[in-house]
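A short write-up of the structure that comes next.
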Amino acid sequence: MSSTSTLNVDDKSVELAVKEGTIGPSVVDISKLYAQTGMFTYDPGFTSTAACESKITYIDGDKGILLYRGYPIEQLAEHGDFLETCYLLLYGELPTAAQKADFDYRVTRHTMVHDQMNRFFTGFRRDAHPMAVMVGSVGALSAFYHDSTDISDPHQRMVASMRMIAKMPTLAAMAYKYSIGQPFVYPQNDLDYTSNFLRMCFAVPAEDYKVNPVLSRALDRIFILHADHEQNASTSTVRLAGSSGANPFACIAAGIACLWGPAHGGANEAALKMLEEIGTPERIPEYIAKAKDKNDPFRLMGFGHRVYKNYDPRARIMQKTTHEVLNELGIKDDPLLDVAVELEQIALKDEYFIEKKLYPNIDFYSGITLKAMGFPTSMFTVLFALARTVGWIAQWSEMIEDPSQRIGRPRQLYTGSPKREYVTLAQRG
Ligand code: CMC
């Protein structure tokens with residue numbers, strides 16, 4: 001059913017088409033607004049703007065619902081594995097057993113990186129942040145894999161996608177190993193995706209390493225939770241970079257750069273640092289007061305979300321995973337978990353947080369879990385980037401395959417100086 005809405009501007013009246021999705025809010029199509037009225041719309045931060053049409057991920061922020069291709073995140077996290085989620089996001093349907101086996105095989109064949117990459121890594125300082133190394137090394141993939149940078153060729157696009165999903169764990173593990181001065185561990189392809197990653201991070205050549213299946217399953221679930229989240233900042237960055245025709249490696253590197261910020265993927269690192277800084281439950285009220293103080297820039301990290309005005313469904317699964325991991329590792333009392341649980345309880349009862357609908361997001365508990373597994377805080381956002389790569393790629397592919405795709409080119413409300421004449425240096429007062 002199509003409908004229209006009417007916009008009255010000065011003495012003009014403009015009919016704007018209203019487009020409906022399968023679920024979720026409809027959109028007013030303003031693409032002809034400038035031609036019809038000479039006016040732009042103004043929406044800094046895109047709070048009311050749908051930047052594209054997509055069939056991949058759906059979020060109902062009021063109800064706390066997240067669907068990948070229609071499937072609830074809870075069901076995917078409970079029953080599936082990460083590569084199945086990758087297949088689903090990329091191709092739109094859950095794979096059959098044969099399709100799954102073929103997909104796993106194809107990803108696995110791409111896990112090694114060009115040997116010259118090892119030399120490339122040595123150009124980084126050892127104390128570089130692993131996210132800096134990821135931005136650089138993923139961008140550099142375009143210099144190593146020329147045969148998959150022609151975006152007009154569907155086969156090359158597919159190969160580039162497989163390469164990135166497969167190589168991201170290898171590069172992430174290399175970034176970690178490099179930062180601690182240990183030798184790189186090559187992938188071992190008879191292991192599943194996540195076990196392979198754990199081994200590349202924590203094995204050393206001097207000893208045997210046995211992957212703990214409980215930890216591997218928990219991390220795999222964490223990857224599923226992070227795999228896509230519709231048009232968030234980093235995904236929109238990937239789409240915008242890709243809209244100019246840039247190669248996929250460069251686009252994903254752009255996404256990683258955007259993810260790094262503390263308001264986005266960097267929040268998991270910031271949340272753990274905050275819990276460490278708070279230290280004991282007695283100090284929580286002091287930090288709650290800081291978070292509420294308009295004159296203090298401090299925010300409760302891992303709290304609040306642009307879209308979720310209810311409990312982030314990923315945070316619930318993450319909280320359960322945290323307990324599973326701590327149990328498995330025999331960590332009976334984790335002071336950080338104590339602070340987190342207490343902080344959550346206090347915040348959820350506080351008028352400020354209730355009124356602003358601020359709930360824990362995925363990053364609130366992920367840091368505690370990843371730390372318990374042995375990852376340093378600097379790796380947290382790297383793991384987010386690893387898992388989100390498939391979402392970025394699925395969204396990028398959807399955009400490239402859309403026949404109506406054009407370069408993204410936002411406009412502006414100009415508030416600078418009107419036209420004025422140049423004054424030579426000698427004449428300036
Ligand atoms: N602590 C205290 N106050 C907050 C917080 C918080 N964590 N989050 C939002 N507020 C307040 C904010 O001060 C504002 O108050 P007022 O209306 O009085 O000015 C109101 O709530 C709305 O906040 P906003 O900044 O306008 O909302 P936004 O949609 O632009 O920002 C956010 C969303 C996620 C950036 C923000 O909630 C935040 O900074 N949270 C902490 C960082 C974080 O955990 N980020 C991870 C997000 S989930 C994973 C991901 O996307 O990568």
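Positions are given from 1 along the sequence. No experiment lies behind these values; they were computed from the predicted model shown. Every number for a ligand or one of its atoms is a count from 1 in the order of the listing.
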Quiz prompt | Test side chain to side chain contact (heavy atoms under 4.5 Å, CB included) applied to L33 and V9, L7, V28, the passing residue | solution =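 Answer after filtering V9, L7, V28: L7.
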Quiz item: How does F384 reach ligand 1, by side chain, by backbone, by both or by neither, if only non-hydrogen atoms under 4.0 Å count?
Solution: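 Near ligand 1, F384 shows its side chain, while the N, CA, C and O stay back.
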Quiz item: Backbone, side chain, both or neither: what part of R306 comes under 4.0 angstrom of ligand 1, heavy atoms only?
Solution: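 Under 4.0 Å from ligand 1, R306 contributes backbone and side-chain atoms.
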Could you check [atom] against the protein and tell me its nearest heavy-atom contact, residue, atom and distance included?
atom                    : answer
atom 41 (C) of ligand 1 : F303 O, 3.4 Å
atom 51 (O) of ligand 1 : H264 ND1, 3.2 Å
atom 47 (C) of ligand 1 : N361 ND2, 3.6 Å
atom 48 (S) of ligand 1 : H305 CD2, 3.4 Å
atom 45 (N) of ligand 1 : A263 O, 3.1 Å

Quiz prompt | Exercise: do T149 and N247 side chains pair donor with acceptor under 3.5 Å | solution =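 Per modelled atom types, T149 and N247 side chains form no pair under 3.5 Å.
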Exercise. Answer yes if the side chains of T170 and T111 hold a donor-acceptor pair under 3.5 Å, and no otherwise.
Key: no
Heteroatom distance test ([X], ligand 1): nitrogen or oxygen, under 3.5 angstrom:
X    : result
Y352 : yes
G302 : yes
L300 : yes
F298 : no
I362 : no
R314 : no

Within the side chain of [X], is there an N or O that forms a donor-acceptor pair under 3.5 Å with the backbone of [Y]?
X    : Y    : value
T237 : A233 : yes
E15  : T6   : no
Y178 : F124 : yes
S148 : Q156 : no
R69  : L88  : yes
H110 : K167 : no

[X] neighbourhood, listing ligand 1 atoms whose heavy-atom distance to it stays under 4.0 Å:
X    : result
K294 : 15 (O), 16 (P), 18 (O), 19 (O)
K356 : 11 (C), 15 (O), 16 (P), 17 (O), 18 (O), 20 (C), 21 (O)
A267 : 43 (C), 44 (O), 45 (N), 46 (C)
D363 : 46 (C), 48 (S), 49 (C)
G265 : 52 (O)

Self-check item: Sub-4.0 Å heavy-atom contact, L358 with ligand 1
Solution: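 In this structure, L358 qualifies as a contact of ligand 1 - some heavy atom is under 4.0 Å.
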Would you confirm whether any non-hydrogen atom of the protein falls under 4.0 Å from [atom]?
atom                    : result
atom 8 (N) of ligand 1  : yes
atom 26 (O) of ligand 1 : no
atom 22 (C) of ligand 1 : no

Quiz prompt | Contacts of type salt bridge (charged side-chain N to carboxylate O under 4.0 Å, His left out), residue D192, not counting sequence neighbours | solution = none
Nearest option to [atom], as decided by whichever heavy atom of [options] sits closest:
atom                    : options                : value
atom 37 (O) of ligand 1 : G304, P360, A291, S366 : G304
atom 38 (C) of ligand 1 : R299, R388, H229       : R299
atom 42 (C) of ligand 1 : M301, K292, K290       : M301

Check the angle between the aromatic planes of [X] and [Y] and answer parallel, tilted or perpendicular using the 30° and 60° thresholds.
X    : Y    : answer
F353 : F303 : perpendicular
Y91  : Y87  : tilted
F223 : Y193 : perpendicular

Self-check item: Side chain to side chain, F82 and R221, heavy atoms closer than 4.5 Å
Solution: no
Quiz item: Mind checking whether D312 and Y359 have side chains closer than 4.5 Å, heavy atoms only?
Solution: no
